[in-house]
Amino acid sequence: MADHRAVAKRLLAENMNAHPGETLLVVTDTDTNHIGRALFDAGVELGLESGLFEIPPMERNGMEPPESVARAMESADIVVCPTSASLTHTRAREAATEAGARVATMPGITDQMFGAGAITADYEEVERLTAALTEKLTAADEARIEAGGASATMSLSGRDGIPSDGIIADSGDSGNLPSGESYIAPVEGTATGALVFDGGLACVGVLDEPLTVELDEGRITAVEGAAADEFLDATSGDDCARRVCELGLGTNPAASIIGTVLEDEKVYGTCHVAFGDNLGFGGTIDCDSHLDGVILEPTVSLDGEVVVADGEVLV
């Protein structure tokens with residue numbers, strides 16, 4: 001626990017710019033409460049007015065927390081959410097940042113992730129790479145993803161890229177910890193072609209063999225691969241859960257594929273595509289689900305310019 005507390009103090013002080021006298025709310029659940037407690041204890045040591053809210057694990061990523069938690073998030077200066085399922089793409093997180101909170105979400109965080117890998121990155125370099133890709137995503141009208149002998153295109157016209165670089169220092173900032181991605185909400189109804197996921201999948205973990213997802217007009221039309229049934233089950237709760245909602249590019253050289261999407265999607269030189277909710281980052285899909293899949297070593301082109309290829313970020 002002492003090591004966890006040291007990591008927690010560094011994240012609060014360096015990544016979240018915490019200062020004595022600010023209010024900290026830690027939202028955790030019964031599966032991740034040991035990490036939540038380390039963050040709470042670190043906050044106390046740093047002179048923050050700290051609170052801890054523990055809830056049962058939520059059923060799926062993107063599910064809204066209890067209303068009492070959402071209200072508490074809005075009233076804090078700093079909110080950190082080490083939880084089993086993701087609070088990143090929820091109305092609660094969005095309302096908290098709109099109220100001025102600095103919010104770090106840590107969905108699926110594990111002991112391994114809290115002490116090694118992506119969390120140990122040189123975040124100045126992550127910030128540089130992320131900013132460069134975000135600028136290109138914002139300027140682009142179309143993205144093309146090629147991998148595994150398949151390709152897909154999607155419109156980005158009029159949408160802004162969003163940096164998640166692990167630096168959550170200003171009022172209203174939010175992002176994952178650990179972090180390292182630039183992402184965007186593609187225009188709904190435009191994703192067409194096929195994606196071959198061969199890294200991690202939020203509902204499965206590490207993929208033992210590729211999963212091919214066919215798309216038409218922004219929706220899933222067919223799925224093939226050993227994990228097809230799990231993927232379809234995980235996206236069966238709501239029609240919007242099978243709509244393309246996000247394109248992301250990984251920028252963290254210290255991250256690796258470990259079977260937890262929080263780190264998997266941050267791996268340098270990868271891309272990820274998600275299905276479900278994107279209302280909180282510039283899209284129009286309002287859904288109680290958000291599921292990411294990771295593609296290793298894709299070729300990603302923005303308006304014909306290759307920005308990711310062969311595991312390298314070309315910016």
> Please check this pair: side chain of Arg242 against backbone of Arg219, looking for a donor-acceptor N/O pair closer than 3.5 Å.
no
> As an exercise, state the distance from CG of Asp303 to CG of Asp141, rounded to the nearest 0.5 Å.
5.0 Å
> Determine, stepwise, if the pair Val79 / Phe53 fulfils side-chain contact (heavy atoms from CB on, under 4.5 Å).
CA-CA 11 Å; Val79 181; Phe53 221 130; over 6 Å; no
> Can you check whether Met113's main-chain N or O pairs, donor with acceptor, with Thr110's side chain at less than 3.5 Å?
yes
> In the structure I gave you, are the side-chain heavy atoms of Thr192 and Leu215 within less than 4.5 Å of one another anywhere?
no
> Would Val26 and Val44 show up in the same hydrophobic cluster when neighbours are defined by side-chain heavy atoms closer than 4.5 Å?
yes
> Looking at Thr90, Asp288, Leu87, Asp29, which hits side chain to side chain contact (heavy atoms under 4.5 Å, CB included) with Met58?
Leu87
> Examine Val27 and Leu52 and state if one hydrophobic cluster contains both, with Ile, Leu, Val, Met, Phe, Trp and Tyr joined whenever side-chain heavy atoms are less than 4.5 Å apart.
no
> With side-chain contact (heavy atoms from CB on, under 4.5 Å) as the criterion, how do Thr88 and His290 come out once you've worked through the C-alpha distance, each side chain's angles and the decisive distance to 0.1 Å?
CA-CA 9 Å; Thr88 306; His290 184 94; over 6 Å; no
> Please confirm whether the backbone N or O of His272 pairs with a side-chain atom of Tyr183, one donor and one acceptor, at under 3.5 Å?
no
> Step by step, would you call Asp160 with Thr138 a side-chain hydrogen bond (donor to acceptor under 3.5 Å, both in side chains)?
CA-CA 4 Å; Asp160 291 334; Thr138 299; 4.5 Å; no
> What distance separates Glu142 CD from Thr153 OG1, expressed to the nearest 0.5 Å?
5.0 Å
> Given Lys266, which of Thr130, Asn176, Thr251 fulfils the side-chain hydrogen bond (donor to acceptor under 3.5 Å, both in side chains) condition?
Asn176
> Strictly distance-based, threshold 3.5 Å: is any side-chain N or O of Glu246 a donor or acceptor partner for the main-chain N or O of Asp292?
no
> Mark yes or no for whether Asp264, through its side chain, and Gly259, through its backbone, hold a donor-acceptor pair below 3.5 Å.
yes
> Can you check side-chain contact (heavy atoms from CB on, under 4.5 Å) on Asp198 and Ile295, steps first, answer last?
CA-CA 5 Å; Asp198 58 354; Ile295 302 173; 4.1 Å; yes
> Show your reasoning for whether salt bridge (charged side-chain N to carboxylate O under 4.0 Å, His left out) applies to Arg91 and Glu94.
CA-CA 5 Å; Arg91 304 291 84 75; Glu94 186 178 4; 3.3 Å; yes
> Rounded to the nearest 0.5 Å, how far apart are CG of Asn252 and CD of Glu125?
10.0 Å
> For Ala76, is there any backbone N or O sitting under 3.5 Å from a side-chain donor or acceptor partner on Thr23?
no
> Taking the side chain as everything from C-beta on, heavy atoms only, tell me whether Ile168 gets closer than 4.5 Å to Val103.
no
> Find out whether Leu262 and Ile109 are in side-chain contact, i.e. whether some heavy atom of one side chain is under 4.5 Å from a heavy atom of the other.
yes
> Determine yes or no for a side-chain-to-main-chain donor-acceptor pair under 3.5 angstrom, with Glu54 supplying the side chain and Asn33 the backbone.
no
> Could you check whether atom CD of Glu67 has more than 12 heavy atoms from other residues, nucleotides or ligands sitting under 6.0 Å from it?
yes
> Counting neighbours of CD on Glu217 that are heavy atoms of other residues, nucleotides or ligands and sit closer than 6.0 Å, is the number greater than 12?
no
> Could you measure the distance from the NE2 atom of His89 to the OG atom of Ser289? Nearest 0.5 Å is fine.
11.0 Å
> Is the shortest side-chain heavy-atom distance between Glu135 and Val315 below 4.5 Å?
no
> Do we see a donor-acceptor contact under 3.5 Å between the side chains of Ser75 and Arg71?
no
> Return yes if some donor-acceptor pair links the side-chain N/O of Glu22 with the main-chain N/O of His19 below 3.5 Å, else return no.
yes
> Among Pro163, Cys271, Ser164, whose side chain to side chain contact (heavy atoms under 4.5 Å, CB included) with Glu181 holds?
Ser164
> Could you see if Val7 belongs to whatever hydrophobic cluster contains Tyr123? Use Ile, Leu, Val, Met, Phe, Trp, Tyr and a side-chain cutoff under 4.5 Å.
no
> Report the C-alpha distance between Glu312 and Tyr268 in whole Å, list the side-chain angles of each, state the deciding distance to 0.1 Å, and finish with yes or no for side-chain contact (heavy atoms from CB on, under 4.5 Å).
CA-CA 7 Å; Glu312 296 290 333; Tyr268 173 87; 3.0 Å; yes
> Looking at every heavy atom in both Ala18 and Ile78, which two are closest together, and how far apart are they?
CB-CD1, 3.6 Å
> Does the side-chain hydrogen bond (donor to acceptor under 3.5 Å, both in side chains) test come out yes or no for His34 and Asp111, once each step is laid out?
CA-CA 9 Å; His34 56 298; Asp111 287 330; 2.8 Å; yes
> Heavy atoms only: give me the nearest Ile119-Phe114 pair and the separation to one decimal.
CG2-O, 3.9 Å
> Quick one: are Val204 and Leu211 in side-chain contact, heavy atoms under 4.5 Å?
no
> Starting at CZ of Arg159, measure out to OG1 of Thr190 and round the result to the nearest 0.5 Å.
8.5 Å
> CE/Met16 to CG/Leu177 distance, rounded to the nearest 0.5 angstrom?
6.5 Å
> So, applying side chain to side chain contact (heavy atoms under 4.5 Å, CB included) with Val307, which one of Thr299, Val313, Val300 is it?
Val300
> Check this for me: Asp208, atom CG, are more than 12 non-hydrogen atoms of other residues, nucleotides or ligands nearer than 6.0 Å?
no
> Take a 6.0 Å sphere around CD of Glu45 and say whether it holds more than 12 heavy atoms from other residues, nucleotides or ligands.
yes
> Atom CD of residue position Glu64 - does it have more than 12 heavy atoms of other residues, nucleotides or ligands inside 6.0 Å?
yes
> Between Ser155 and Val187, is there a donor-acceptor pair closer than 3.5 Å when you use the side chain of the first and the backbone of the second?
no
> Write down the atom of Asp277, the atom of Cys287, and the distance for their closest heavy-atom approach.
OD1-N, 2.9 Å
> If two hydrophobic side chains count as joined below 4.5 Å and joins carry through other members, does Leu201 share a cluster with Leu249?
yes
> Looking only at heavy atoms, which two atoms of Ser50 and Phe40 are closest? And how far apart?
O-CE1, 3.4 Å
> Please tell me whether Val261 and Phe281 are part of a single hydrophobic cluster in this structure, the criterion being side-chain heavy atoms less than 4.5 Å apart.
no
> Check whether Glu127 reaches the backbone of Gly166 with its side chain - one donor and one acceptor, N or O, closer than 3.5 Å.
no
> Where is the tightest heavy-atom contact between Cys240 and Ile285, given as atom of each residue plus distance?
CB-CG2, 3.7 Å
> Assess whether atom CG of Asp310 is packed by more than 12 heavy atoms of other residues, nucleotides or ligands within 6.0 Å.
no
> Show the nearest heavy-atom pair for residues Leu302 and Ala140, with the distance to one decimal.
CB-CB, 3.8 Å
